Chemist: 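The structure that follows is given in the form of structure tokens.
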Amino acid sequence: MSDAPDAPDAPDKVREQCIEPRRPDRRRFLASMLAAPLLPLVSRVVSADVLSRLATYRSRDHIVVVGAGVFGGWTALALLRAGARVTLIDAWGAANSRASSGGETRVIRAVYNGQPLYSQMVARALVLWHEEEQRWQRQVLFPIGALWMCSDDDSFVRKSIAPMKAVDLPIDELTPADARRRYPQMGFDGVQSVFFEARAGYLLARLSCELVRETFVREGGEYKVALVRPGASSGARMAGVTLSDGSTIDADQFVFACGPWMGQVFLDAIGRRIVATRQEVFFFGVPAGSTQYDPGACPAWVHISDRIVYGIPGNERRGMKVADDSAGEEVNPTTMDRAPSAAGLANARRIVRERFPGLSDAPLVESRACQYEESSDGNYLIDRHPSLENVWLVGGGSGHGFKMGPALGEHVAALVQGRATVHPLFAYGRLRPRPSL
Ligand SMILES: Cc1cc2nc3c(=O)[nH]c(=O)nc-3n(C[C@H](O)[C@H](O)[C@H](O)COP(=O)(O)OP(=O)(O)OC[C@H]3O[C@@H](n4cnc5c(N)ncnc54)[C@H](O)[C@@H]3O)c2cc1C
């Protein structure tokens, strides 16, 4: 929901700001033990190819990461910590207002339509987000829980129960009557089944990307603001990249994590395999002095009917966030007009009336127009360029990538360093270009 689930088979979606260091508790320890096997799972078979690359990987290889959004930022940090020399470059800066990682908040949840790999990745991401929070001494993950409301078919949630249990992430079914009693400020008309995901919640998006970038620089990474163009290829290798200041950078390997720009940066290899779609997000003001719509009193929430809508309370004092997860029209992320549409606002008001009757007349206090980087099947792309062996393509977050940042970065670093193999769910070869408009 954006994190929300959108394709049937593929996924698609408190405390004070400064926190005390957290002692590892049993739950977290267990989750980390269970989630840690993610990489071996992704890697499953250590092939001869992996072994030979491992043998040739030099820990001080220079790696250029293009894009400092949640995918590129965490990848750069993981590579740096794994001993590489890393240059991270972004055209406008980490989580800038055009980037898909911009804005204040994102849902984190492990309900994933029964797809175990995603629930495992979330379990691993939870561990890594918490570890980094301790280093930062700053809370960015608010585990206020997520309430899943289903009008009809609840299989997206129900199928996720077993994979979540397998990684020690709880999810409980409530009756609609129980849910009504627990959350009297919410509306449940038309809701047939309800589930509460206790470890879910929300992440601070823009802030955490900036913290990752700062940490990367503090730990010795090189960071630049520039537009990057892929350089010429020499055989099966990219020789270097060109920056908007006219300079060029050569490196051993390149990771392109360009979010919704992937299709523009690689017109042939990506093109319409990943498209940017317009997504609008609205924030409604809550009554002065009220606490019932605060994070904690109110969970993150998702309503699944013929479409998926969702919201997050609070949002760093920006009000109740409401969004429709349906993919919008295709856009150019550089030039799109980010003023909200009248139709989008009317739809958001309808959603608020249904789910929060007490906010029916709430004023719109802010809005954002962002974009998903929709892959052709809603799954991520984490694979080598089809013809350039030293180029990695990392994107296709498809409205549900943010939460995965640290786990995904860890996996990409392992791939680049020859410690993992590409998972078929994320393989380049399965992507299909959409028909031209
Ligand atoms: C409205 C909305 C709601 C969402 N909700 C959720 C949610 O609740 N939970 C969740 O998990 N996910 C959610 N997502 C999805 C998630 O935010 C994205 O999948 C994720 O942020 C994608 O990150 P990225 O790093 O791939 O892309 P980006 O954040 O877009 O980063 C790409 C970066 O590359 C840079 N760049 C591009 N081209 C170049 C170039 N040629 N040279 C230099 N730099 C370049 C850009 O400036 C940009 O900073 C949501 C997305 C949106 C839009």
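Treat the numbers as computed from the prediction; the structure is a model and nothing was measured. As the structure lists them, so they are numbered: ligands from 1, and atoms in each ligand from 1.
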Chemist: Going by an N to O cut-off under 4.0 Å, is there a salt bridge joining Arg199 and Glu197?
Modeler: no
Chemist: Which residue in the set Arg278, Gln371, Arg272 passes side chain to side chain donor-acceptor pair (under 3.5 Å) when paired with Glu330?
Modeler: Arg272
Chemist: Have a look at Phe71, Trp261, Tyr372 and point out the one with the heavy atom closest to atom 52 (C) of ligand 1.
Modeler: Tyr372
Chemist: Heavy-atom contacts with Val107 under 4.0 Å: which atoms of ligand 1 show up? List them by number with element.
Modeler: 7 (C), 8 (O), 9 (N), 10 (C), 11 (O)
Chemist: Would you please determine whether Gly93 falls within less than 4.0 Å of ligand 1 on a heavy-atom basis?
Modeler: yes
Chemist: Does Ser100, backbone or side chain, put an N or O under 3.5 Å from an N or O of ligand 1?
Modeler: yes
Chemist: Heavy-atom contacts under 4.0 Å between Val281 and ligand 1: side chain, backbone, both, or neither?
Modeler: side chain
Chemist: Tell me which one of Arg229, Glu373, Lys403 gets a heavy atom nearest to atom 22 (C) of ligand 1.
Modeler: Glu373
Chemist: Hey, is Ala226 one of the residues with a heavy atom under 4.0 angstrom from ligand 1?
Modeler: yes
Chemist: Does atom CG (Asp294) have a neighbourhood of more than 12 heavy atoms from anything else shown, all under 6.0 Å?
Modeler: yes
Chemist: Could you list the atoms of ligand 1 found under 4.0 angstrom from a heavy atom of Trp92?
Modeler: 47 (O)
Chemist: For ligand 1, which part of Thr105 has a heavy atom less than 4.0 Å away: the side chain, the backbone, both, or neither?
Modeler: neither
Chemist: Would Phe256 count as a contact of ligand 1 if the rule is a heavy atom under 4.0 Å away?
Modeler: no
Chemist: Please identify which of these residues, Thr75, Val86, Val65, meets the side-chain contact (heavy atoms from CB on, under 4.5 Å) condition with Phe216.
Modeler: Val86
Chemist: Please name the pair of heavy atoms, one in Pro143 and one in Gln139, separated by the smallest distance, quoted to 0.1 Å.
Modeler: CD-NE2, 4.0 Å
Chemist: If you take the nearest heavy atom of each of Gly397, Gly69, Gly395, Ser101, which one is closest to atom 23 (O) of ligand 1?
Modeler: Ser101
Chemist: Looking at Glu133 and Arg138, is there a salt bridge between them, counting it only when a charged N and a carboxylate O are closer than 4.0 Å?
Modeler: no
Chemist: Have a look at ligand 1 and work out which part of Tyr310, if any, has a heavy atom under 4.0 Å from it: side chain, backbone, both or neither.
Modeler: side chain
Chemist: Should the heavy atoms of other residues, nucleotides or ligands under 6.0 Å from CZ of Arg350 be counted, would the total exceed 12?
Modeler: yes
Chemist: List the atom of Cys150, the atom of Phe195, and the distance in Å for their closest heavy-atom pair.
Modeler: SG-CE1, 4.3 Å
